[in-house]
2 protein chains.
Amino acid sequence: MSYDILKQNIQKHINLSTADLELICSYFKPASLKKKEFLLTQGSVCKLEGFVIDGCFRVFTLDKKGNENTLYFAAKDWWLMDIDSFMNQVPSGLNIQAIEDSEVLLISRRDKLALYDSMPVVEKLFRIIFQKGLVSWQRRLVRNHRFTAKERYFHFIETYPGITSKLTDKQIAGYLGISHEFLSKIKKSEK
Amino acid sequence: MSYDILKQNIQKHINLSTADLELICSYFKPASLKKKEFLLTQGSVCKLEGFVIDGCFRVFTLDKKGNENTLYFAAKDWWLMDIDSFMNQVPSGLNIQAIEDSEVLLISRRDKLALYDSMPVVEKLFRIIFQKGLVSWQRRLVRNHRFTAKERYFHFIETYPGITSKLTDKQIAGYLGISHEFLSKIKKSEK
DNA sequence: CAAAAGAGTTGAACTTGTTCAACTCGGGTA
DNA sequence: TACCCGAGTTGAACAAGTTCAACTCTTTTG
């Protein structure tokens with residue numbers, strides 16, 4: 001059952017009664033996306049927050065020159081959201097696209113706000129999730145300042161071997177913040 | 001009264017009764033730090049979380065070569081913490097140093113955990129604070145990928161004119177992730 | 001199956017940023 | 001006052017990463 005992955009994810013963060021767990025999960029609705037389909041496009045308002053059950057997504061922005069900058073990839077067991085647009089109902093600066101056929105569990109903004117209001121433990125859950133997220137974003141920024149593109153590349157493939165295999169080099173380059181031509185040269189140099 | 005700044009900061013995020021606000025604030029104890037004094041040093045465990053009433057701090061890491069990488073500056077009305085070390089009681093990778101004589105309000109880990117447990121609204125407060133923090137770290141990473149050092153420099157001084165005046169160029173360079181020599185050349189080029 | 005589009009590679013010229021070393025300048029401290 | 005230290009500047013040589021263009025090789029799609 002696909003909800004098991006969500007339940008296990010929540011329990012990694014907090015201890016919860018089975019009843020509470022069931023109740024939280026009941027607000028999430030399953031959805032399928034085909035490869036290349038978008039869950040959110042830049043400029044529109046984010047209406048859904050998701051959790052990936054299977055498949056993989058990339059979350060990226062597009063600048064005027066058409067350069068893609070990838071914020072993160074979300075494979076199985078990852079949360080998927082544009083927090084800013086979802087919470088504040090402002091136009092999103094992000095695109096969320098399936099990079100392979102995928103299954104997600106989605107919650108609407110209204111339901112999420114209702115959960116926050118009715119279950120304090122959900123506040124705690126997301127306080128912890130965001131707290132952990134903040135730490136990893138801080139670390140990523142330091143790596144970006146401190147490490148060369150080559151070091152960042154090897155850090156990435158060692159840290160996320162499972163995701164790497166699903167991605168094109170162009171997508172990885174967009175995550176590392178380098179051109180795909182340069183990534184190609186990095187890979188060649190280390191053969 | 002110095003607690004007013006903290007109260008106003010909290011109220012920017014959530015609506016709270018005066019009684020709750022007073023109760024939360026009662027856990028925070030004032031402290032003074034002299035210029036160059038450390039609130040936390042790399043390798044030790046973070047025991048206190050702070051809120052800046054006056055002055056300014058820098059939060060940075062030091063690598064083997066002695067390069068300083070600044071995660072952020074915290075002036076009046078900013079929160080100050082190493083979330084990872086504080087929450088998980090692991091040795092910190094960060095240094096927190098006053099860059100001028102400063103006043104802070106500090107809360108211990110025990111008191112913070114007690115607040116989380118006894119007041120669900122505190123969970124909400126920090127859920128919102130971390131949520132906003134996450135958004136700005138994501139944006140900063142995109143700026144780092146997309147913008148040149150020169151663009152990042154002008155973005156910084158335009159966004160934080162008040163803090164800029166307190167900082168040396170070396171400290172700003174550490175925040176931007178460039179050498180201070182290169183920052184000097186950037187400033188010269190735009191005269 | 002054929003055509004087209006996208007992914008990856010390579011080279012050459014270029015831009016951005018680093019490193020190291022030498023120098024200047026102003027402010028605190030003995 | 002004299003000194004020294006840290007901040008900032010500058011130049012030259014170098015390293016890291018980009019851009020553009022040309023080419024190959026898969027993959028997708030009609």
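In what follows, chains are A, B, ... by sequence order, proteins preceding strands, each numbered from 1.
Atom NZ in A/Lys185 sits about 14 Å away from atom C1' in D/dA15, given to the nearest Å. Summarising the geometry, the separation between CG on A/Leu183 and P on D/dT19 is reported as 15 Å, rounded to the nearest angstrom. We find that CD1 of B/Ile186 is positioned 12 Å from C1' of C/dT18, with the value rounded to whole Å. Atom C1' of nucleotide D/dG17 and atom CD1 of A/Ile172 are separated by 18 Å, given to the nearest angstrom. We find that NZ of B/Lys187 is positioned 14 Å from P of D/dA7, with the value rounded to whole Å. For the pair A/Asp169 CG and C/dT9 C1', the interatomic distance rounds to 10 Å; values are reported in whole Å. In this structure, the CD atom of B/Glu181 is 14 Å from the P atom of D/dG11, given to the nearest Å. In this structure, A/Phe182 places its CZ atom 18 Å from P of C/dA13, rounding to the nearest Å.
B/Lys12 and B/Asp77 are joined by a salt bridge, as a carboxylate oxygen and a charged side-chain nitrogen come within less than 4.0 angstrom of each other. Salt bridge status for B/Lys170 with B/Glu68: absent, with no side-chain N to carboxylate O gap under 4.0 Å. A salt bridge links B/Lys124 and A/Glu123; the closest N-O separation between the charged side-chain nitrogens and carboxylate oxygens is under 4.0 Å.
The side chain of B/Arg152 sits closest to C/dG17 out of C/dG8, D/dG8, C/dG17. The side chain of A/Ala149 lies closest to D/dG17, out of D/dG17, C/dG17, D/dG8. Considering only side-chain atoms of A/Ile178, the nucleotide from C/dG8, D/dT9, D/dT18 that sits closest is D/dT18.
Residues A/Asn69 and A/Thr61 bring no donor and acceptor atom of their side chains to less than 3.5 Å of each other.
When the side-chain nitrogen and oxygen atoms of B/Lys150 are compared with OP1 and OP2 of C/dG17, none of them lie within a distance under 4.0 Å. Here B/Lys188 reaches the OP1 or OP2 of D/dG11: one of its side-chain N or O atoms lies under 4.0 Å away.
No donor-acceptor distance shorter than 3.5 angstrom exists from the side chain of A/Gln8 to the backbone of A/Ile5, with no hydrogens or angles considered.
Using a 4.0 Å heavy-atom criterion, one finds that B/Ser179 contacts the bases of the nucleic acid, with or without backbone contacts as well. Among the protein residues, A/Lys36 comes within range of no part of the nucleic acid, since none of its heavy atoms lies under 4.0 Å from any strand. At the heavy-atom level, B/Ser184 lies under 4.0 Å from base atoms of the strands shown.
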